[in-house]
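Below is one structure, written out as structure tokens, with a few remarks after it.
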Amino acid sequence: MMSEPKRLHPVAAVANFLQSLKELLLPVFVLIIFGGEGVFFQFIASGLIILLLLISGIVRWLRFTYRIEEGELRIESGVFVRKKRYIPFERIQSLDLSEGILQRPFNLVKMKVETAGSSGKGDAEAILTAINKQEASMIQQALLHSKGQALQDGNEELAIEPKADIVYKISPGELLLLSSTSGGAGVVISAVVAFLLQLDEVLPYERIFAQFESFIKSGILFISIIVFIIFFIAWLIALIGSLLKYADFTVKKVDNDLIITRGLLEKRQFTIPFNRIQAVKITENLLRQPFGFASVYVESAGGSLQDVSSSSVLLLPITKKSRIADILKPYIKGYSFEPLLRPAPRRSCLRYLFRGFLTSILPIVLPILFSRPWGYFALLLLPFSLLLSYLKYKDAGWGIDGQQLTLRYRGLLKNTVFMKKNRIQKLSMEQSYFQIRADLATVDGAVMSGFGGSGGTVADLEKSDVQQMYEWYSYTDKRLRKTEDSS
């Protein structure tokens, strides 16, 4: 079965070309549009670069082959230097399938091969850019067969899977609420500003700002309308993007894995092995928290990872916080999602407020000094900073429930992290000079995830409480932790 070397679908050549073009898009764009003298030469040079990228994409496609042989996925690639990569099936953690804009019209999928060795890097062990669904199913069959699992016949949209239990499926109302409260407008505006800053030698910013000053003289109402329109357009773009990204978000339990599928224009499917889950995190943003909605992430040390720097995978994009325990308990065993938490002591409140005051001084003082009278609007940051600091104090908490440590803390988001003792890589107690005088301490806990660790830090707890956590983690019976790791 598939013992003969096979090439990817020709769409892979186009994907190679577009990937290379994306990396050089800004330089080519600037060369064509803003090159100054020698416009004809710049067009010719840019055309030659694009042609070379296209030829390179085709050659890379022709030189890329894959096959299944002797329980391995064997890949050969390379234009000038031939590279051979043999991946034994027993090393493969998961197969991440997706359907992008290029693949869908031809009934193809993109397959990422994740192994235990690749999980800490964030890069896939191998990527098959464009293969048909039948070949993807054959690779899955071979993988499952090598692990002693029977595969049922059937026709899945992305791939053939064993019998699955639906853990979660996003409803239309939840999808709309998720997209409208995602906070993506700030990301859109930041991306536009970052792009414009790249063109600071081309755009006449001085003339633009001069025109803007004349607009300001037209009145604060006019400026407010312009700002509102800008934010509304950015929010609308973020809304549409989020709707397309999280449409049909579904979580299934398949054997010993959680399979997540999502997306409308680009369908994604990726896998989280249960035995690689390091921690569970509930997050609540300022817009959703008043209505009782939250999101759930899992920190994974393997599977189909999406971030280069982190293994934090979105498991439940949005749901009522009161439903989280009922949804997850049947599938993620051994966690208590409704523990009793002990709050920070009252005397910590002033410390939280004082830190908030200190962090807001520069953002307030600098605009007042250099941009009067508009700089005085920066004073509005002070009550917001103090309110956020108070919320950080109110939300700080911790709890121990058997073999589980729970830490609750807030930045802009309220986070509650559930960590099993045998998964914790680091738990430390820290004290500053002023904390020593107040008999307070900070706890910092982390599990292994991505390049480094992921967990939580809770400041200004009772010193005795932090010592209790430290003793719970580091008590003398180390054999118990080793037994739990092996089980």
Side-chain angles (χ1 to χ4, degrees), residues 167-171 174-175 177-179 181-183 242 246 249-251 253 258 260 262 272 274 276-301 303 306-307 310-344 388 391-421 423-424 427 443-450 453-459 461 469:
V167 177
Y168 170 86
K169 186 175 179 65
I170 196 167
S171 67
E174 288 175 332
L175 178 60
L177 182 62
L178 170 71
S179 302
T181 60
S182 64
S242 188
Y246 294 108
F249 193 107
T250 305
V251 182
K253 177 187 178 295
L258 287 172
I260 300 175
R262 63 159 175 82
I272 306 171
F274 279 109
R276 307 296 290 179
I277 293 177
Q278 304 296 297
V280 181
K281 179 170 68 176
I282 297 175
T283 66
E284 305 166 70
N285 71 19
L286 293 171
L287 295 177
R288 299 171 191 161
Q289 185 179 350
F291 302 99
F293 286 92
S295 303
V296 178
Y297 293 80
V298 291
E299 301 293 338
S300 174
Q306 294 197 27
D307 285 349
S310 174
S311 303
S312 186
V313 181
L314 182 62
L315 183 64
L316 305 180
I318 190 168
T319 188
K320 278 286 189 180
K321 187 178 179 181
S322 57
R323 292 185 57 226
I324 291 175
D326 294 334
I327 293 173
L328 297 184
K329 273 184 178 179
Y331 303 101
I332 302 181
K333 307 290 186 180
Y335 283 87
S336 173
F337 295 106
E338 298 175 309
L340 294 176
L341 299 184
R342 189 175 301 179
L388 183 61
L391 291 176
K392 289 181 179 180
Y393 159 71
K394 290 293 292 183
D395 291 331
W398 70 279
I400 293 175
D401 189 344
Q403 298 298 302
Q404 174 182 305
L405 172 65
T406 304
L407 298 179
R408 189 176 65 196
Y409 60 97
R410 175 184 282 282
L412 286 176
L413 303 177
K414 177 182 176 181
N415 300 282
T416 307
V417 181
F418 308 92
M419 299 179 286
K420 305 293 290 184
K421 178 188 287 189
R423 300 293 189 183
I424 297 175
L427 189 72
V443 64
D444 181 19
V447 297
M448 185 56 62
S449 177
S454 179
T457 301
V458 188
L461 298 176
M469 283 182 269

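Here the shortest heavy-atom pairing between Pro317 and Ile170 reads CG-CD1, 4.1 Å. Across all non-hydrogen atoms, the minimal contact from Leu286 to Leu412 is CG-O, 3.7 Å. Here the closest heavy-atom approach between residue Ala325 and residue Pro330 is recorded as O-CD, 4.4 Å. What you find for Met419 and Gly455 is that their closest heavy atoms are SD-CA, 4.4 Å.
For Arg408, the side chain to side chain contact (heavy atoms under 4.5 Å, CB included) partners at least two apart in sequence or on another chain are Leu341, Lys414, Thr416. Lys320 meets the side chain to side chain contact (heavy atoms under 4.5 Å, CB included) test with Phe293, Ser322, Arg323; sequence neighbours excluded. Partners of Asp326 according to the side-chain hydrogen bond (donor to acceptor under 3.5 Å, both in side chains) rule, which considers only residues two or more places apart in sequence or in another chain, do not exist here. Partners of Ala459 by side chain to side chain contact (heavy atoms under 4.5 Å, CB included), not counting sequence neighbours, listed by chain and number: Tyr352, Arg355, Thr442. Looking at residues two or more places apart in sequence or on another chain, you find a ring-ring contact (aromatic ring centres under 6.0 Å, His included) between Phe418 and Phe337. Ser171 meets the side chain to side chain contact (heavy atoms under 4.5 Å, CB included) test with Glu174; sequence neighbours excluded.
When the shell of 6.0 Å around OH of Tyr331 is examined, it contains more than 12 heavy atoms from other residues, nucleotides or ligands. Counting non-hydrogen atoms of neighbouring residues, nucleotides and ligands closer than 6.0 angstrom, the NZ atom of Lys394 reaches no more than 12 such neighbours.
Leu413 contributes atom CG, which lies 11.0 Å from atom CG of Asp395 (distance to the nearest 0.5 angstrom). For the atom pair Arg262 CZ and Thr250 OG1, the distance stands at 12.0 Å (nearest 0.5 Å). Going from atom OG1 of Thr457 over to atom OH of Tyr409 covers 7.5 Å, rounded to the nearest 0.5 Å. To the nearest 0.5 Å, atoms CD (Gln404) and NZ (Lys421) are separated by 12.5 Å. Taking OG1 of Thr406 as the start and CE of Met469 as the end, the distance is 10.5 Å to the nearest 0.5 Å. Note that CD1 of Ile324 and CD1 of Ile332 are 10.5 Å apart. Values are rounded to the nearest 0.5 Å.
Without hydrogens or angle criteria, Gln403 side chain to Asp401 main chain gives no donor-acceptor distance under 3.5 Å. Side chain of Arg288 to main chain of Pro290: no donor-acceptor pair is present (N/O by atom type, distance under 3.5 Å, no hydrogens or angles). Under a 3.5 Å cut-off, the side chain of Asn415 and the backbone N or O of Lys281 do not form any donor-acceptor pair. Side-chain N or O atoms of Lys420 include one that pairs as donor or acceptor with a backbone N or O of Gly334 at under 3.5 Å.
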### Task
Report the C-alpha separation of Leu315 and Leu328 in whole Å, then their side-chain angles, then the decisive distance to 0.1 Å, and conclude whether the side chain to side chain contact (heavy atoms under 4.5 Å, CB included) test is met.
CA-CA 10 Å; Leu315 183 64; Leu328 297 184; 3.8 Å; yes
### Message
As a quick check of understanding, evaluate side chain to side chain contact (heavy atoms under 4.5 Å, CB included) for Val417 and Val447, giving each step before the final call.
### Response
CA-CA 10 Å; Val417 181; Val447 297; over 6 Å; no
### Query
Between Ile260 and Phe249, does a side chain to side chain contact (heavy atoms under 4.5 Å, CB included) hold up when you go through it step by step?
CA-CA 7 Å; Ile260 300 175; Phe249 193 107; 3.6 Å; yes
### Task
With side chain to side chain contact (heavy atoms under 4.5 Å, CB included) as the test, would you mind laying out the steps for Val280 and Tyr335 before giving the verdict?
CA-CA 9 Å; Val280 181; Tyr335 283 87; 4.2 Å; yes
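Side chains of Leu258 and Val313 form no contact here, defined as non-hydrogen atoms less than 4.5 Å apart. Between Ile327 and Val296 the shortest side-chain heavy-atom distance does not fall below 4.5 Å. Inter-residue side-chain proximity for Arg410 and Leu388 is flagged as met; some heavy-atom pair is nearer than 4.5 Å. Side-chain contact between Tyr168 and Leu316 is present, with at least one heavy-atom pair separated by less than 4.5 Å. Contact annotation: the side chain of Tyr246 approaches that of Leu178 to within less than 4.5 Å [non-hydrogen atoms, C-beta and beyond]. Counting heavy atoms from C-beta outward, Phe274 and Lys253 have side chains that approach closer than 4.5 Å.
A side-chain contact (heavy atoms from CB on, under 4.5 Å) with Ser295 is found for exactly one of Leu314, Ile282, Asn285, namely Leu314.
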